[in-house]
There are 2 protein chains.
Amino acid sequence: MTAQRRGLGTNQEAVRRHNLGTVLRHVHGARQISRAQLTALMALNRSTIADLVLELESLGVVEQTVPTGVRSGAGRPSAGVRLAEVGPYVVAVDLGVDRAVVARVALGGDVVERATAPIPSGGGEAWQVGSTVAGLIRRVVEGAPAAAPLLGVGISVPGLVRRSDGLVRLAPNLEWRDVSFGSIVLAALGVDVPVQLANDADLGALAEHRRGAGLGIDDLIYISGNVGVGAGVITGGVRLEGAGGYAGEVGHLPFAPEGRLCHCGNVGCWETEVGAHAIAAAIGCPESDVVTLGDVLDEYAGPQRALGATGKALGYGLASIVNAFNPRLVVLGGYLSSLYALVRHEVDDALAERALPAPHESVTLSLPGLGSDSVLLGAAEIALEPLFADPVAALGTALVDVGARLAG
Amino acid sequence: MTAQRRGLGTNQEAVRRHNLGTVLRHVHGARQISRAQLTALMALNRSTIADLVLELESLGVVEQTVPTGVRSGAGRPSAGVRLAEVGPYVVAVDLGVDRAVVARVALGGDVVERATAPIPSGGGEAWQVGSTVAGLIRRVVEGAPAAAPLLGVGISVPGLVRRSDGLVRLAPNLEWRDVSFGSIVLAALGVDVPVQLANDADLGALAEHRRGAGLGIDDLIYISGNVGVGAGVITGGVRLEGAGGYAGEVGHLPFAPEGRLCHCGNVGCWETEVGAHAIAAAIGCPESDVVTLGDVLDEYAGPQRALGATGKALGYGLASIVNAFNPRLVVLGGYLSSLYALVRHEVDDALAERALPAPHESVTLSLPGLGSDSVLLGAAEIALEPLFADPVAALGTALVDVGARLAG
DNA sequence: GCCTTTCGTTCACCCGCACAACAAATCCCG
DNA sequence: CGGGATTTGTTGTGCGGGTGAACGAAAGGC
């Protein structure tokens with residue numbers, strides 16, 4: 001495996017922080033890894049790795065195990081490093097247009113507990129949704145060991161989220177505009193923990209990159225089909241955010257100048273062809289089921305022909321995306337995964353027809369490796385991010401004995 | 001000014017390399033900077049900066065000056081750091097569709113010498129162009145001091161360049177396909193120096209970011225109008241390359257499904273509306289002048305109306321780009337800068353009409369800050385890049401006494 | 001059963017940056 | 001005009017953190 005020497009620092013404190021975080025990132029990614037593997041991955045000395053692991057162990061984040069049974073080749077077996085039994089965790093929130101999913105996610109990415117509640121159609125007032133979410137958070141946090149620190153909350157929002165402060169600029173399907181949803185949830189909870197908000201497609205991309213279909217692929221795009229259509233872009237291994245954090249709004253790329261009116265005010269946006277409302281209309285699905293279009297499509301048994309044009313439109317739009325971003329992988333999430341399963345042929349053909357040969361030859365379309373949990377796990381990942389940037393600092397500010405605090 | 005602590009390293013050798021490179025990058029950017037400013041910019045200790053500068057001085061890259069006359073406030077004046085009189089340099093090549101421009105560019109970004117030669121229409125065989133370019137390189141290198149080291153050659157190509165090895169996959173207006181132009185030039189030169197190739201739009205973006213209209217702006221796009229239309233994207237301060245290096249091919253975004261046939265085989269690409277051929281047709285400019293469309297437009301005195309639709313098409317296309325990438329700045333390069341000067345109003349209006357409010361409110365359109373030299377200077381920048389990554393290593397492999405070697 | 005291989009552990013070492021103390025150069029104010 | 005305040009250069013010391021060598025431990029292979 002190739003040495004990982006990405007980026008550089010300015011002084012040796014920063015080096016230590018980074019290396020500590022990188023070790024933890026590897027353990028988080030692999031769940032179980034040997035110290036020998038870590039030395040190879042990080043191109044550091046054996047003794048350095050030993051010391052780093054020791055420090056993480058004393059922080060209560062990882063545990064060392066006796067050499068695992070799985071052996072390969074000669075030599076003394078290497079000590080294993082795994083996540084601590086009672087380790088830090090985060091709360092992940094996936095805000096959909098019809099329901100909120102909240103999960104307690106351990107370092108390592110396992111969903112330990114999960115709770116769901118419906119959201120009234122049209123979203124409802126943000127403070128109502130906020131108190132619903134706060135209730136769900138209380139529920140999933142309840143069972144956590146008192147000693148386990150809560151690192152933060154990650155929230156996925158189906159809309160435009162400003163990078164600088166997490167303000168929800170616009171969430172069309174919730175009918176929100178300039179809502180500070182993070183503060184609302186915190187106020188309803190009555191505690192102060194770090195909260196990260198981001199767009200659902202961005203988080204889907206993040207999760208698929210870290211743990212899903214995009215493992216090891218540094219240039220990928222996750223297209224979220226969630227009433228509206230958006231893209232999360234990872235390029236060179238990092239999230240493409242853009243100046244304000246709004247990059248990837250591909251739903252409003254022009255598609256059919258003579259087409260339908262889009263809610264954004266323009267005519268013929270891509271979303272008017274491959275958005276949930278358009279597809280529902282094509283297959284005669286009632287308006288009320290649009291929010292669960294994925295399930296509808298999974299059980300769709302109507303004529304293939306009804307979706308042919310949609311598949312073609314999907315492929316043409318993907319061609320634009322492939323030309324613009326040159327990804328190695330495009331993951332079709334949300335209801336688009338169900339759609340793709342039905343009309344894969346049309347999509348592939350349309351993509352091949354419109355994409356330039358050079359970017360097309362290296363791109364693959366795929367379904368999410370994490371199923372419908374991509375976005376939720378992505379929300380967990382952003383909440384974990386500070387831990388990897390600086391484990392000592394993140395654990396220092398983490399909240400312990402959370403159950404009692406939230407009950408009181 | 002905010003401290004610059006971007007990225008982190010893995011060990012202290014890397015820290016040293018990075019800090020050395022960062023100091024040099026700052027001197028390169030400012031040409032003249034005080035050690036006190038460097039300590040503030042890099043958040044390092046005075047003594048550390050002094051040591052770093054000393055090392056760069058002993059490498060022959062920078063010189064320390066007595067405190068400059070420009071004073072501000074009390075206190076002992078700080079020693080200046082400037083580029084060495086006889087310092088390292090690079091050769092930049094801007095390959096256009098009708099001419100090649102070659103320049104000797106010193107560290108600091110000054111064009112010391114420049115030479116130009118026409119390229120036969122249709123490009124001609126790559127080896128012919130290669131030997132033309134090699135001849136120009138000999139010419140600009142001739143006058144360089146024998147002691148000055150040549151760090152490398154940067155070449156801008158109007159087409160798709162594979163990131164991994166610099167292969168020119170496709171350059172439609174040169175009629176090239178899978179040409180290893182770097183090796184061709186090196187063979188014609190008869191020496192072995194590091195050669196970097198990249199797409200012209202990418203290099204325009206790089207140069208405008210480092211020294212032009214995009215100084216200090218970390219999310220910008222340079223749109224190159226150079227017969228075809230392409231975009232170079234910088235996001236988060238780094239070049240967006242994509243999996244193969246082909247990201248930013250916006251010329252073939254779908255625009256008018258019922259429109260003209262594009263050379264890429266599709267119908268209604270954006271390029272068929274705002275490409276040089278389309279504009280030439282709109283203003284009745286003869287085919288033979290298409291390659292110098294910028295000059296034609298600068299002297300255009302015909303009816304404004306002829307370009308109105310083009311301006312609108314430009315604005316609509318930019319809206320897609322703004323939605324997709326969310327840049328803070330869009331620089332219109334090549335003939336697009338001449339076009340924008342003529343139809344600014346139409347472009348701005350069309351952009352405002354189609355772009356989403358959130359990304360639109362923070363974006364600005366502008367002309368290149370470096371005039372027609374953006375791409376050339378971008379080619380110089382990629383050639384300099386290894387120097388900033390590791391000054392010691394780059395200078396170790398640099399070529400000295402180049403004039404004699406190339407003559408022989 | 002011995003050799004080889006691989007890894008953990010320990011310790012001395014080196015490198016690079018921080019910090020403190022002092023000197024130098026300039027501004028400011030009386 | 002002269003002394004304090006301010007800012008920076010210079011020098012020497014100290015510390016943190018990764019390296020590397022030496023040795024022991026735990027496996028596989030013949």
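Numbered from 1 within each chain, the chains take letters A, B, ... in sequence-line order. Computation of the quantities below employed the complete heavy-atom set of this structure, encompassing side-chain atoms and omitting hydrogens, waters and symmetry-equivalent molecules.
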Quick one, E13(B) with H18(B), criterion side chain to side chain donor-acceptor pair (under 3.5 Å). Give me CA distance, side-chain angles, the key distance, then yes/no. CA-CA 9 Å; E13(B) 310 166 32; H18(B) 177 248; over 6 Å; no
Whole-Å distance, M42(A) CE to dG18(D) C1', equals 11 Å
* Asked: Is any side-chain heavy atom of R16(A) closer than 4.5 Å to a side-chain heavy atom of D51(A)?
  -> yes
Per nearest nucleotide of DNA chain C, the residue lying toward the 5' end, Q64(A) or L52(B), is Q64(A)
Separation of dT9(C) atom C1' from L54(A) atom CG, nearest Å, is 11 Å
The residue, D51(B) or R46(B), whose nearest nucleotide of DNA chain C is more 5′ is D51(B)
**Asked** Can a side chain N or O of R35(A) be found less than 4.0 Å away from OP1 or OP2 on dG8(C)?
**Response** yes
When rounded to whole Å, the CG to P distance for the pair L38(B) and dT8(D) reads 12 Å
Against the side chain of A79(A), the closest entry in dT19(D), dG8(C), dC17(C) is dG8(C)
* Are any of the side-chain heavy atoms of L395(A) and P88(A) separated by less than 4.5 Å? -> yes
Against the side chain of V15(B), the closest entry in dT26(C), dC17(C), dT19(D) is dC17(C)
note: E55(B), atom CD; dC15(C), atom P; distance rounded to Å ~ 12 Å
Atom CD1 of I49(A) and atom C1' of dT10(C) are separated, to the nearest Å, by 17 Å
Nearest-nucleotide check on DNA chain D, A36(B) vs N45(B); residue mapping nearer the 5' end is A36(B)
Between NE2 of H18(A) and C1' of dG16(D) the distance, given in whole Å, is 18 Å
Separation of dT19(D) atom C1' from L44(A) atom CG, nearest Å, is 10 Å
In whole angstroms, the gap separating P of dG18(D) from CD of E13(A) amounts to 12 Å
Against the side chain of R76(B), the closest entry in dC17(C), dT6(D), dT8(D) is dT8(D)
* Is any side-chain nitrogen or oxygen of S78(A) closer than 4.0 Å to OP1 or OP2 of dG8(C)? -> yes
| query | Does N19(A) put a side-chain nitrogen or oxygen below 4.0 Å from OP1 or OP2 of dG18(D)? | reply | yes
Is there a donor on the side chain of S47(B) or the base of dC19(C) sitting less than 3.5 Å from an acceptor on the other? yes
- request: Decide, yes or no, whether a salt bridge links R25(A) with E385(A) under the criterion of side-chain N to carboxylate O below 4.0 Å.
  value: yes
Side-chain touch L370(A)/R211(A), heavy atoms, less than 4.5 angstrom = yes
